[in-house]
Undergrad: 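The following block contains the structure, expressed as structure tokens.
Residue numbers begin at 1 in each chain, while the letters A, B, ... track the order of the sequences. Every heavy atom of this structure was used, including side-chain atoms; hydrogens, water molecules and symmetry mates were not.
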2 protein chains.
Amino acid sequence: MRLVVARCAARYTGRLTAELPLATRLVVVKADGSVLLHSDGGSYKPLNWMSPPCSLAVAEPDDDAAARGVVEIWHVQHAKSDDRLEIELHEVLHDSAHELGVDPGLVKDGVEAHLQKLLAEQIHLLGAGHVLVRREYPTAIGPVDILAKDPAGGAVAVEIKRRGDIDGVEQLTRYLELLNRDPHLTPVRGVFAAQEIKPQARVLAHDRGITCLVLDYEAMRGMDDASTRLF
Amino acid sequence: MRLVVARCAARYTGRLTAELPLATRLVVVKADGSVLLHSDGGSYKPLNWMSPPCSLAVAEPDDDAAARGVVEIWHVQHAKSDDRLEIELHEVLHDSAHELGVDPGLVKDGVEAHLQKLLAEQIHLLGAGHVLVRREYPTAIGPVDILAKDPAGGAVAVEIKRRGDIDGVEQLTRYLELLNRDPHLTPVRGVFAAQEIKPQARVLAHDRGITCLVLDYEAMRGMDDASTRLF
DNA sequence: TGATTAATCTCGATT
DNA sequence: AATCGAGGTTAATCA
């Protein structure tokens, strides 16, 4: 990886044409030849970039460009399309190269999946006497996280989220609508379970007759550890 | 902007939880405190990041962390949510800071401008035998996008929009009113050209005797590429 | 200003 | 390989 801080201007042509006026920016050249142009603000999206696979060719400026103060011109050409990025370097303030090696990559911890597993094992958290029917109970619009039965034999559909937001309630509502069309299941009660439930979601859920259940992830994991330790 | 190349591990908690195992990466700290963790591959999206507004606090490792080889711990906390990014630095290979200043930002060449250029080059899209008179044909209330002549020698005024809405038709109507006062031009026919024309605009245009022309940007760009490749 | 939509989207999963 | 859908999306546009 090569890091260059420089006063530069750039032009991109491809899906669209765009220009970057002269300013001081960070230019990152990754091992695969891809290039990122970052300013000192904004979010993670670069001002301009070239995705791999691409090639980088460094050229001397012609007389005209040199007269404008250009020191070097970088031509970054995409390998599979005619997308190109042209960077005019006017003043290089920093230039360093680093060996980074291959990255093991991001490991996403499926807290939501874990919560589902734990709640299935600790189904009594829905209330005493509840019984698990199954996880990932299939419907036409996708599986419901958990289907259970309450002590009276009534069906209970559970939607699990890490953060309980309005769209989670909407999702559960759609499932309930479908499940209630099944004469063997109806009436189906809804439970919206999450580590944290937003006030708006709570109001909407209440309005639709859906029960809210706040899950204590740490406590549930503790229970899980305790039970596995017993056997 | 601060650039750090380091062997590091990271953990994010927020909408989801995710971990980055120990590896050598680029850490970018922008002026607004936002942080990017980049590997030496992939596209412009960082492996992990924190968007502004956020704050960065550097802490000494506790004994346990120090025993694992941690030199420094960075706590990056989002200002408006409980999103947090924790970076454990194990070995700092590079560390430099740079003053970048404010960036003027990306200037996208408007699709509308590009459409005008393309339609001027592919003026036959108005119908066989049409000839370009000029782009940006001046009138008292501003320039008409394109003035052309049809095979019979009649003047054609074209208004180009990305999204054809009612006010675009109104605008073209005003131009036509003015142009038709010129005895050398009148009668001037109107063409309302856009990538997409709203039904209301289409009805109004038809009512005023204005022709609607839907432009296929991709196809027109393809034509442009083909023609430039020939010469 | 909040909602909606497009993006040089990216990224993973599934067909 | 191609397509589909979600994203800690981001960014622009519209009401």
Undergrad: How long is the line joining OH of B:Tyr44 and C1' of D:dG7, in whole Å?
TA: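 After rounding, the gap between these two atoms is 11 Å.
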
Undergrad: Just how far, in rounded Å, is P of C:dT10 from CG of A:Asp83?
TA: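 Atom-to-atom, A:Asp83 to C:dT10, this comes out as 10 Å.
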
Undergrad: Whole angstroms only, please: what is the CG-P distance between B:Asp32 and D:dT10?
TA: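 Between P of D:dT10 and CG of B:Asp32: 13 Å.
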
Undergrad: In whole Å, what is the span from the CG atom of A:Asp103 to the P atom of C:dC11?
TA: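 Distance, rounded to whole Å: 12 Å.
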
Undergrad: From the set C:dC9, C:dC11, D:dT9, return the single nucleotide nearest to any side-chain atom of B:Lys45.
TA: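 Ranking C:dC9, C:dC11, D:dT9 by closest atom to the B:Lys45 side chain puts C:dC11 first.
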
Undergrad: Taking atom C1' of C:dG2 as reference, at what distance in whole Å does atom NZ of B:Lys80 sit?
TA: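 For the pair B:Lys80 NZ and C:dG2 C1', the rounded distance is 13 Å.
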
Undergrad: Could you give the CG-to-C1' distance, from B:Leu47 to C:dC11, as a whole number of Å?
TA: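 In whole Å, C:dC11 C1' and B:Leu47 CG are 12 Å from each other.
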
Undergrad: Does a sphere of radius 6.0 Å around CD in B:Gln200 hold more than 12 heavy atoms from other residues, nucleotides or ligands, not counting ones at 6.0 Å or beyond?
TA: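 Count not over threshold, so no.
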
Undergrad: Using whole Å, what does the distance between atom P of nucleotide D:dA6 and atom CZ of B:Arg15 come to?
TA: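 B:Arg15 atom CZ is separated from D:dA6 atom P by 15 Å.
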
Undergrad: Under 4.0 angstrom, heavy atoms only, what part of the nucleic acid is B:Tyr12 near: base, sugar-phosphate, or nothing?
TA: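 It contacts base atoms.
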
Undergrad: With no hydrogens and no angle check, do the side chains of B:Thr13 and B:Arg84 hold a donor and an acceptor under 3.5 Å apart?
TA: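 Their side chains do not contain a donor-acceptor pair, so the 3.5 Å distance test is not met.
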
Undergrad: State whether the number of non-hydrogen atoms from other residues, nucleotides or ligands found under 6.0 Å of B:His206 atom NE2 is greater than 12.
TA: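 Not more than 12 within 6.0 Å, no.
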
Undergrad: Would you call the rings of A:His94 and B:His94 parallel, tilted or perpendicular, taking 30° and 60° as the class edges?
TA: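 Ring orientation of A:His94 relative to B:His94: perpendicular.
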
Undergrad: Hey, is the main chain of A:Ala18 close enough, under 3.5 Å, to the side chain of A:Arg11 for a donor-acceptor pair?
TA: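 No; judged by distance alone, with no hydrogens or angles, the pair does not exist.
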
Undergrad: Pick the nucleotide of DNA chain C nearest each of B:Leu106 and B:Ser43; which residue has the one closer to the 5' end?
TA: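 Whichever sits nearer the 5' end wins; that is B:Leu106.
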
Undergrad: When we call it a touch if two heavy atoms are under 4.0 Å apart, what does A:Ser51 touch: a base, just sugar-phosphate, or nothing?
TA: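 The residue A:Ser51 makes sugar-phosphate contact but no base contact.
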
Undergrad: At under 4.0 Å between heavy atoms, what does A:Met50 touch on the DNA or RNA strands: base, sugar-phosphate, or nothing?
TA: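 The answer is nothing, as A:Met50 stays clear of every strand by at least 4.0 Å.
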
Undergrad: Toward the 5' end of DNA chain D, which comes first, A:Gly42 or B:Trp49, by nearest nucleotide?
TA: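 So the residue in question is B:Trp49.
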
Undergrad: Could you state the CG-C1' distance from B:Asp167 to D:dT13, rounded to the nearest angstrom?
TA: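 Whole-Å distance recorded here is 14 Å.
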
